[in-house]
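First comes the structure, then the notes that go with it.
Here the structure is a predicted model, which means the values were calculated and not measured. So you know, we letter chains A, B, ... as the sequences are listed, proteins then strands, and number each from 1. Every heavy atom of this structure was used, including side-chain atoms; hydrogens, water molecules and symmetry mates were not.
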Amino acid sequence: MKKVITRFAPSPTGKLHIGGVRTALFNFVYARQNNGKFLVRIEDTDKERSTKEFENNILENLSSLGLVPDEEPINQSERDEIYIKAAEKILESGNAYWCDCSADELEKMRKEQTALGKKPMYDGRSRNLGLSRSDKTVLRLATPENGEVIVNDLIRGEIRFNNNELDDLILLRSNGSPTYHLCNVVDDYEQSVTTVIRGEDHISNTPRQIHIQNALGYPSLEYAHLPLVLGTDKKRLSKRNAATSLEEYKEKGYLDTAILNSLARLGWSQGDKEVFYLDELIKEFKLEDVQKAGAIFDISKLDWLNSQHLSNLTLDEFKQKLKPFLKNLNIDIEAHLNVDKLIESMRTSENTLSGISAALEPYYKDIKMYDEKAIEKFIKDKSRLVELRTLLNDIDNWNQETIENVLKDFQVKNELSVPAVNQPIRISLVGSTKSPGLGLTLSIFDKNQALKRIDNLISHLG
RNA sequence: GUCCCGUUCGUCUAGAGGCCUAGGACACCGGGUUUUCAUCCCGGCAACAGGGGUUCGACUCCCCUACGGGAUGCCA
């Protein structure tokens, strides 16, 4: 049995895309569960659109997710020689020919075909012309005209294509540079790739690539075409309908593990289990069980998954993850008297780290803005607040239990409703009516801070 | 247009001819806990695209239609 080798082959024409992450993940997991290798190959043959910046973004993000390739990634842009050699081999074997059709001519041809209701495709007009190489000729593969190619797909089974549906694709451009199909096939062979796991949008490329393999005498590969990740408009996820780059999700405060989890569950499931970590995926994932239909990426499921992954973190881990998000708000996470108590009581307040950070802001900084509606509803005049301040000021033993008892006594004695007592204090402390239990919230601040905040609200009321 | 792939609750999915009165999760709605918010717990709503076969029996198998997506580049 040959060692399984998978690869993720992005072209660096944009930041690491969430759909790309899923492709990489499935490649990684499949390699791991077969004790094989996971490779990354940068397909930067399009010199116009490829940038080093994007390449670095892809590589860095991949490794931050833990999808680390087992070998140093290679760049196709540095391997022209190998591809050209392969192209020459195909030419020598008689399976390729030079074609001098201009862009205009080809466009005209396609228009005519379309007008006749035919599939626009190169008609092979230069095939038997015996042209030789020039700066105006491209090298085309002589695709078999009859018969069919069968793609054996791990997810979809056999897919058949008639050879007469396939036109003679370009191997070498007129400037001599190799094209995607050639490079892709050659590198899969050169890197001993055994299994190609990629997006469904490549299905129709597969028979063409198989023809190149055949012309080169390469062994056949295993294929798995993944359903596409879709936006809510049912079209492939694009900037038009959602955040597409991994970076954007990280910046919003989604955990790597949660992102991976939600991507894995898109198109695949295992019983009733929803929460997965990478090691569990490696144990339980089955490529054959992947769904065939495209799947809409639902942010609310990610939100929930994120909350699950967040709650599975220890307090220390959680604080580490939160730290940079607070820093973005100019907050030093340790700059609070009761950091651990505060963070622990607030960690379920929102689903994302950025959301939690925002919710934490009033605990670290003075209240900039009070919820005026809440003030209107719960604070008729400041006299009660003044009264409560005195009450709290008299507490010597400043802890949650004592505070709660004092407030309860006051509330019962004066026959007041709980909100009538609690909400004014809460608004003083955090600016709104949202906070953990009041005794807990008060004890998170020290007595002086708490009284100060009450004073601030009193003076705000004027 | 042509070729290819697909189609179960709003969304992700379970379902390999009787186990389906179609299960779970998210979302949503209602209730409980917290007399705030969030968490948590309980409950509810909600789907086999349509039509033909095959079969004693079809979500499951076959065909057609419809719809959706992908591909049709000297992009990858």
Side-chain angles (χ1 to χ4, degrees), chain A residues 9-13 43-46 48-50 76 99 101-103 106-107 110 113-122 136-140 151 153 155-156 159-162 164-167 169-181 183-184 199-208 225 227-228 230 232 234-236 262 265-275 291-305 307 311 345-351 355-356 359 374 378 411 417-423 426-427 430 432-438 441:
Chain A
S11 59
T13 55
E43 307 215 323
D44 49 359
T45 52
D46 183 347
E48 303 284 302
R49 295 192 301 150
S50 302
Q76 290 190 326
C99 161
C101 296
S102 67
L106 292 175
E107 196 185 331
R110 291 196 183 98
Q113 287 165 331
T114 310
L116 272 121
K118 284 193 194 155
K119 179 176 181 165
M121 55 190 269
Y122 179 69
K136 285 199 180 69
T137 57
V138 297
L139 186 69
R140 286 185 185 271
V151 177
D153 192 282
I155 295 172
R156 288 154 217 276
I159 307 169
R160 290 159 183 272
F161 293 87
N162 277 317
N164 61 25
E165 291 290 339
L166 275 19
D167 62 5
L169 75 240
I170 294 172
L171 263 13
L172 256 30
R173 301 185 184 97
S174 50
N175 67 5
S177 65
T179 60
Y180 160 71
H181 290 291
C183 302
N184 193 275
E200 188 183 9
D201 48 338
H202 286 286
I203 288 184
S204 42
N205 288 334
T206 311
R208 303 161 150 265
H225 287 95
L228 261 21
L230 273 25
T232 42
K234 288 188 164 237
K235 298 204 194 305
R236 64 198 298 174
S262 77
R265 276 289 285 102
L266 219 57
W268 175 81
S269 68
Q270 175 69 277
D272 291 343
K273 195 167 168 179
E274 296 287 345
V275 180
Q291 200 80 11
K292 296 184 186 77
I296 295 170
F297 183 66
D298 183 11
I299 194 82
S300 66
K301 190 93 172 195
L302 207 212
D303 277 326
W304 178 76
L305 243 15
S307 74
S311 71
S345 61
M346 289 293 287
R347 59 187 283 184
T348 58
S349 61
E350 295 284 337
N351 288 333
I356 295 168
F378 293 105
Q411 180 249 120
S417 72
V418 175
V421 175
N422 285 10
Q423 297 299 45
R426 203 186 308 273
I427 295 166
V430 299
S432 73
T433 56
K434 293 181 189 176
S435 93
L438 189 61
T441 308

Protein-proximity profile, nucleotides 62-73 of chain B, B/S/- by nucleotide at the 4.0 Å heavy-atom cutoff, equals -------SSSSS

Could you write nucleotides 26-33 of chain B as a row of B, S and -, 5' to 3', where a protein heavy atom under 4.0 Å of any base atom gives B, of only sugar-phosphate atoms gives S, and otherwise -? SS------

Mind checking whether [X] and [Y] have side chains closer than 4.5 Å, heavy atoms only?
X         : Y         : answer
Pro419(A) : Arg426(A) : no
Ser307(A) : Thr348(A) : no
Ile155(A) : His225(A) : no
Phe161(A) : Ile203(A) : yes
Pro207(A) : Leu166(A) : yes
Ile170(A) : Tyr122(A) : no

Would you tabulate the pairs of protein nitrogen or oxygen atoms and nucleotide nitrogen or oxygen atoms of nucleotides 44-49 of chain B closer than 3.5 angstrom?
none

Begin from the C-alpha positions of Gln423(A) and Val418(A) and carry the test side-chain contact (heavy atoms from CB on, under 4.5 Å) through to its verdict. CA-CA 8 Å; Gln423(A) 297 299 45; Val418(A) 175; over 6 Å; no

Do Arg156(A) and C5(B) share a donor-acceptor pair, side chain to base, under 3.5 Å?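 For Arg156(A), whose side chain was compared with the base of C5(B), there is no donor-acceptor pair (under 3.5 Å).
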
Donor/acceptor link under 3.5 angstrom from Ser174(A) side chain onto base of C74(B): yes

Taking the side chain of [X] as its heavy atoms from C-beta onward, which of [options] lies nearest to it?
X         : options                : value
Arg173(A) : A76(B), U13(B), U35(B) : A76(B)
Glu165(A) : C75(B), U36(B), U2(B)  : U2(B)
Gln423(A) : A14(B), U36(B), A76(B) : U36(B)
Ala295(A) : C12(B), C4(B), A14(B)  : C12(B)
Leu106(A) : C4(B), C74(B), A76(B)  : C74(B)

Qualifying residues under side-chain contact (heavy atoms from CB on, under 4.5 Å), relative to Asp272(A), sequence neighbours excluded: none

Checking Trp268(A) now: which residues fulfil ring-ring contact (aromatic ring centres under 6.0 Å, His included) with it, not counting sequence neighbours? Phe276(A), Phe285(A)

Just wondering, are more than 12 heavy atoms of other shown residues or ligands nearer than 6.0 Å to NZ in Lys234(A)?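 Not more than 12 within 6.0 Å, no.
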
When the distance from [atom1] of [X] to [atom2] of [N] is rounded to whole Å, what number comes out?
X         : N      : atom1 : atom2 : answer
Asn162(A) : U2(B)  : CG    : C1'   : 12 Å
Ile159(A) : C3(B)  : CD1   : C1'   : 12 Å
Leu438(A) : U34(B) : CG    : C1'   : 13 Å
Leu166(A) : C4(B)  : CG    : P     : 11 Å
Glu350(A) : C37(B) : CD    : P     : 14 Å
Ile356(A) : C37(B) : CD1   : P     : 19 Å
Leu169(A) : C75(B) : CG    : P     : 12 Å
Arg265(A) : A14(B) : CZ    : P     : 8 Å

If I pick the [atom1] atom on [M] and the same atom on [N], what distance separates them, to the nearest angstrom?
N      : M      : atom1 : value
C19(B) : U72(B) : P     : 45 Å
C26(B) : C63(B) : P     : 38 Å
C4(B)  : G15(B) : P     : 28 Å
A25(B) : G44(B) : C1'   : 16 Å
G17(B) : U55(B) : C1'   : 9 Å
A47(B) : A14(B) : C1'   : 13 Å
U36(B) : G43(B) : P     : 23 Å
G53(B) : G1(B)  : P     : 29 Å

Does [N] have a Watson-Crick or wobble partner in any strand here, with both distances under 3.5 angstrom, and which is it?
N      : value
G6(B)  : C67(B)
G30(B) : C42(B)
A22(B) : none

Mind checking [X] for me? I need base, sugar-phosphate or nothing, with any heavy atom below 4.0 Å counting as a touch.
X         : result
Pro227(A) : nothing
Ser435(A) : base
Cys99(A)  : nothing
Phe297(A) : nothing
Gly267(A) : sugar-phosphate
Ser417(A) : nothing
Gln291(A) : sugar-phosphate
Thr348(A) : base

Where is the tightest heavy-atom contact between Ser174(A) and Val138(A), given as atom of each residue plus distance?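 Minimum heavy-atom separation between Ser174(A) and Val138(A): N-CG1, 3.5 Å.
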
Along RNA chain B (nearest heavy atom to each residue), the more 5'-positioned of Arg426(A) and Gly294(A): Gly294(A)

Go nucleotide by nucleotide along RNA chain B from the 5' end; which of Asn175(A) and Asn422(A) gets its closest nucleotide reached first?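 Nearest-nucleotide comparison on RNA chain B picks Asn422(A).
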
side-chain hydrogen bond (donor to acceptor under 3.5 Å, both in side chains) against Arg140(A), all qualifying residues, sequence neighbours excluded: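 By the side-chain hydrogen bond (donor to acceptor under 3.5 Å, both in side chains) rule, Arg140(A) matches no residue at all.
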
Check whether Thr441(A) reaches the backbone of Pro436(A) with its side chain - one donor and one acceptor, N or O, closer than 3.5 Å. yes

With rounding to the nearest 0.5 angstrom, report the CD to OG1 distance, Glu48(A) to Thr13(A). 12.5 Å

Can you tell me how far apart OG (Ser269(A)) and CD (Gln291(A)) are? Round to the nearest 0.5 Å.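 That separation rounds to 7.5 Å.
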
Can you tell me if Gln270(A) touches the phosphate of G24(B), counting only side-chain N or O atoms and a distance under 4.0 Å to OP1 or OP2?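 Checking Gln270(A) against G24(B): no side-chain N or O falls below 4.0 Å of OP1 or OP2.
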
